There are 2 protein chains.
Amino acid sequence: MSVTTGERKESASCPMDFILRMLMGPWTTYILYNLKTHGPQRFGELKRRVQGISAKMLTERLRTLEGAGLVRRDYEATIPPKVTYSLTQRGHELDEVMGTLAEIGTRWEAEDAARRAVRAAELKAAE
Amino acid sequence: MSVTTGERKESASCPMDFILRMLMGPWTTYILYNLKTHGPQRFGELKRRVQGISAKMLTERLRTLEGAGLVRRDYEATIPPKVTYSLTQRGHELDEVMGTLAEIGTRWEAEDAARRAVRAAELKAAE
DNA sequence: GCTAGTAGGTACGGATTCGTAACCAACGAG
DNA sequence: CTCGTTGGTTACGAATCCGTACCTACTAGC
């Protein structure tokens with residue numbers, strides 16, 4: 001599947017698919033999360049915060065997000081150049097869903113951890 | 001990124017990432033959507049409905065979803081075997097988010113279409 | 001005996017992806 | 001005159017993904 005370029009053959013009739021393709025792609029959620037919580041940021045700042053991402057990936061993801069209208073790119077042709085990225089209004093429309101997803105994800109992780117703990121305790125008791 | 005197997009190195013501190021990895025993976029949304037709207041289904045039924053998917057992919061995705069606790073697999077060792085898949089309670093917890101995502105996706109698609117139409121009209125008027 | 005259908009598993013291979021490393025342009029500092 | 005900074009781009013290569021094709025075991029139907 002092409003996470004980056006959008007549809008592969010036919011995305012036919014699943015609007016979720018389009019939007020999830022956007023949100024997915026390796027670093028996307030980290031980028032959006034950072035732009036949301038820390039506000040507009042310059043390229044280097046963002047790169048430093050999204051630990052481990054390469055300039056190439058960051059550029060590519062930002063271009064994709066920009067193309068989808070989720071992120072705005074402000075370029076100042078100073079020397080050295082200054083490029084600031086920020087969430088667009090459309091980008092902020094995802095705040096709520098992302099919040100919900102994060103909440104569910106967190107809950108599930110906690111539940112899974114609890115379940116593992118119980119199972120471990122049972123195993124120990126069965127010794 | 002490994003959509004299928006979950007984290008690659010560190011998913012560190014982004015619960016959205018975990019859950020989106022689940023929802024993503026090529027056919028996942030189609031599968032969940034079908035299980036949600038058409039209820040529990042057998043393997044072949046599902047395969048027929050999720051048009052174009054290969055048995056391999058369907059099996060793999062279902063196993064992943066099962067592993068994440070979103071889908072339940074009921075196996076009856078009749079001849080021929082009968083395997084029914086259904087959403088678990090956890091699977092249904094995503095109903096609302098998926099609905100919201102679908103709504104946003106649909107709206108954006110419509111907005112984009114409208115914008116393209118306007119642009120096309122402008123181009124035509126400028127001839 | 002041959003085919004179809006059920007629910008997959010396995011092997012291969014082309015395409016895609018993503019990380020690494022190198023490079024670029026302009027300029028200010030030393 | 002070289003170095004560092006910013007915001008990238010490009011080339012390469014290894015890893016991964018996912019579709020195709022073929023295999024299983026069993027039975028029913030012709």
Side-chain angles (χ1 to χ4, degrees), chain A residues 1-11 17 20-31 34-35 40-67 71-86, chain B residues 1-11 17 20-31 34-35 40-67 71-86:
Chain A
M1 171 208 41
S2 166
V3 163
T4 310
T5 57
E7 58 217 322
R8 66 162 85 266
K9 295 172 188 174
E10 5 108 51
S11 79
D17 221 53
L20 285 175
R21 266 183 233 286
M22 288 282 28
L23 292 183
M24 236 356 241
W27 304 90
T28 315
T29 54
Y30 299 93
I31 296 170
N34 267 289
L35 286 177
Q41 280 164 83
R42 298 183 58 182
F43 184 87
E45 211 175 339
L46 203 49
K47 182 170 180 322
R48 244 166 282 127
R49 255 200 267 265
V50 181
Q51 265 202 0
I53 196 172
S54 65
K56 178 192 164 191
M57 274 313 290
L58 184 53
T59 306
E60 185 198 300
R61 302 273 79 216
L62 285 170
R63 289 286 135 78
T64 307
L65 290 171
E66 194 194 351
V71 158
R72 183 178 38 218
R73 179 175 188 266
D74 294 305
Y75 178 77
E76 284 178 62
T78 55
I79 303 276
K82 184 175 178 180
V83 182
T84 309
Y85 292 94
S86 54
Chain B
M1 175 206 39
S2 167
V3 163
T4 310
T5 56
E7 59 217 324
R8 58 156 94 265
K9 295 171 188 175
E10 5 108 52
S11 77
D17 222 53
L20 285 175
R21 265 183 232 287
M22 287 284 25
L23 291 182
M24 234 358 240
W27 304 91
T28 314
T29 54
Y30 298 95
I31 295 170
N34 267 289
L35 286 178
Q41 279 164 83
R42 298 184 56 184
F43 184 87
E45 211 174 337
L46 203 49
K47 183 172 182 316
R48 245 167 280 125
R49 255 200 268 264
V50 181
Q51 264 201 2
I53 197 171
S54 65
K56 178 191 163 189
M57 273 313 289
L58 184 52
T59 305
E60 185 198 301
R61 302 274 80 216
L62 285 171
R63 290 288 134 78
T64 308
L65 290 171
E66 195 195 348
V71 158
R72 182 179 40 218
R73 178 174 188 267
D74 294 305
Y75 179 76
E76 285 178 61
T78 55
I79 304 253
K82 184 174 178 181
V83 182
T84 309
Y85 292 95
S86 53

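Letters A, B, ... are given to chains in the order of the sequence lines, protein chains preceding strands, and every chain is numbered from 1. Keep in mind that this is a model prediction, so the values were computed, not measured.
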query = Can you give one letter per nucleotide of nucleotides 7-13 of chain C, going 5' to 3': B for a protein heavy atom under 4.0 Å from the base, S for sugar-phosphate only, - for none?
reply = SSS-B--
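- In plain terms, the two heavy atoms of B:Q51 and B:W27 that are nearest each other are O-CZ3, 3.6 Å.
- Side-chain contact between B:Y75 and B:P81 is present, with at least one heavy-atom pair separated by less than 4.5 Å.
- If you take CD1 of B:I53 and P of D:dC17, they are 15 Å apart, rounded to a whole angstrom.
- Between B:W27 and D:dG19, a side-chain N or O to OP1/OP2 separation shorter than 4.0 Å is present.
- Within the 4.5 Å cutoff, no side-chain heavy atoms of A:E66 are placed close to those of A:R72.
- As rounded to whole Å, 13 Å separates atom P of D:dT5 from atom NZ of A:K47.
- Annotation: side chain of A:M57 is in contact with side chain of A:P26 (closest heavy-atom distance under 4.5 Å).
- Taking atom CG on A:L58 and atom P on C:dT20, their separation rounds to 14 Å, with Å as the unit.
- Nearest nucleotide to the A:I79 side chain, out of C:dA26, D:dT20, C:dC18: C:dA26.
- With a 4.5 Å cut-off on side-chain heavy atoms, B:T28 and B:T64 do not count as touching.
- Remark: C1' of C:dT16 and CZ of A:R21 are 14 Å apart, rounded to the nearest angstrom.
- For the pair B:T84 and B:Q41, the minimum side-chain heavy-atom distance is 4.5 Å or more.
- For the pair A:D74 CG and D:dG7 P, the computed distance is 13 Å after rounding to whole Å.
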